[in-house]
Amino acid sequence: MNAQLTIALSKGRIYEETLPLLAAAGIHATEDPDKSRKLIIKTNHDNIRLIIVRATDVPTYVQYGAADFGIAGKDVLIEHNGKGLYQPLDLHIANCRMMVAVRKGFNYSSASQPGCRLRVATKYPNIAAEHFANKGVHIDLIKLYGSMELAPLVGLCDAIVDLVSSGNTLKANNLEAVEHIIDISSRLVVNKAALKLKYAIMQPIIDIFAKLTHLNLNNLI
Ligand code: ATP
Ligand code: MG
């Protein structure tokens, strides 16, 4: 009997940008998770299914083997710390940057000198803590779960650490990006035990993703 393969994805941009990769591997979802309420999506292969989970939960499903592999942003992987996960590929999808942003007119360069103290709101406490520790800036960290752009506007914080791609959301809220922390893209994460047990079904898919990733890279260069 063929091994059963479970792939963890999150709705939205990761799902959309993963579909062409899956298609290249001959895997097609039978339903659109944006239209269906189902969390387990069948594919054209009886033994391959997709599960739809929150972006931040992808590493957890893979770590415990509830999914054999998954696709997650580097932001999520840094915060999760990646225990038990094998990260064989940068897929170069869902590209964006982790940035520090402030209200327009806020004098960030003087407020972020070594020894200064800043109130920073973010969904990414580990990334923010490390960034400001490297600069020698003390921070009061405020953990948020979304809509971070609001926080500096209503006086919750001086700065936010958030993902930026076009910068339009910042602009629309009278904020500006003042520091680039790290480039972010989505990675394939693999359960180590599953890769050993299901090598015959998993490795060819990983190889196809790897080829496409090189093509993506060549297009970028
Ligand atoms: P929600 O926004 O509904 O609270 P979420 O933040 O968990 O959910 P997304 O905003 O879809 O989910 O982000 C999922 C992943 O996509 C992130 O972990 C990140 O790697 C990537 N991502 C987030 N924002 C952007 C962006 N502006 N451009 C490109 N990729 C992004
Ligand atoms: Mg989001």
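In listed order, ligands and their atoms are each counted from 1. These numbers were taken from a predicted model, which means no experiment stands behind them.
Using a cutoff of 4.0 Å between basic side-chain nitrogens and carboxylate oxygens, D57 and R54 are not scored as salt-bridged.
Remark: distances from the non-hydrogen atoms of V76 to ligand 1 include one below 4.0 Å. Not close to ligand 1: K74, with no non-hydrogen atom less than 4.0 angstrom away. Residue G12 places no heavy atom under 4.0 Å from ligand 1.
Close approach of ligand 1 to A94 is summarised as follows: ligand atoms under 4.0 Å from at least one heavy atom of the residue are 29 (C), 30 (N). Counting the atoms of ligand 1 from 1 in the order shown, those under 4.0 Å from a heavy atom of N95 are 28 (N), 29 (C). Below 4.0 Å from some heavy atom of G73 lie the following atoms of ligand 1, by number and element: 20 (O). Listed by number with element, the atoms of ligand 1 under 4.0 angstrom from any heavy atom of A55 are 7 (O), 14 (C).
Remark: the backbone N or O of P88 is not paired with any side-chain donor or acceptor of R187 at under 3.5 angstrom.
Residues I14 and L89 share a hydrophobic cluster, clusters being chains of Ile/Leu/Val/Met/Phe/Trp/Tyr side chains in contact below 4.5 Å. In this structure, L91 is a member of the same hydrophobic cluster as Y15, with clusters built from ILVMFWY side-chain heavy atoms closer than 4.5 Å. Tracing side-chain contacts under 4.5 Å through hydrophobic residues (I, L, V, M, F, W, Y), one reaches V161 starting from V102; they form part of the same cluster.
Within a 6.0 Å sphere centred on NZ of K38, other residues, nucleotides and ligands contribute 12 heavy atoms or fewer.
If you look at T56 next to ligand 1, there are no close heavy atoms at all, none under 4.0 Å.
No hydrogens or angles considered: a donor-acceptor pair under 3.5 Å links the side chains of Q203 and D207. Donor-acceptor pairing under 3.5 Å is lacking for the side chains of Y86 and N191.
An N or O contact shorter than 3.5 Å links K123 to ligand 1 by distance. For ligand 1, the polar-atom distance check against Y145 finds no nitrogen or oxygen pair separated by under 3.5 Å.
In this structure, of R13, R54, R97, the residue bringing a heavy atom nearest to atom 1 (P) of ligand 1 is R54.
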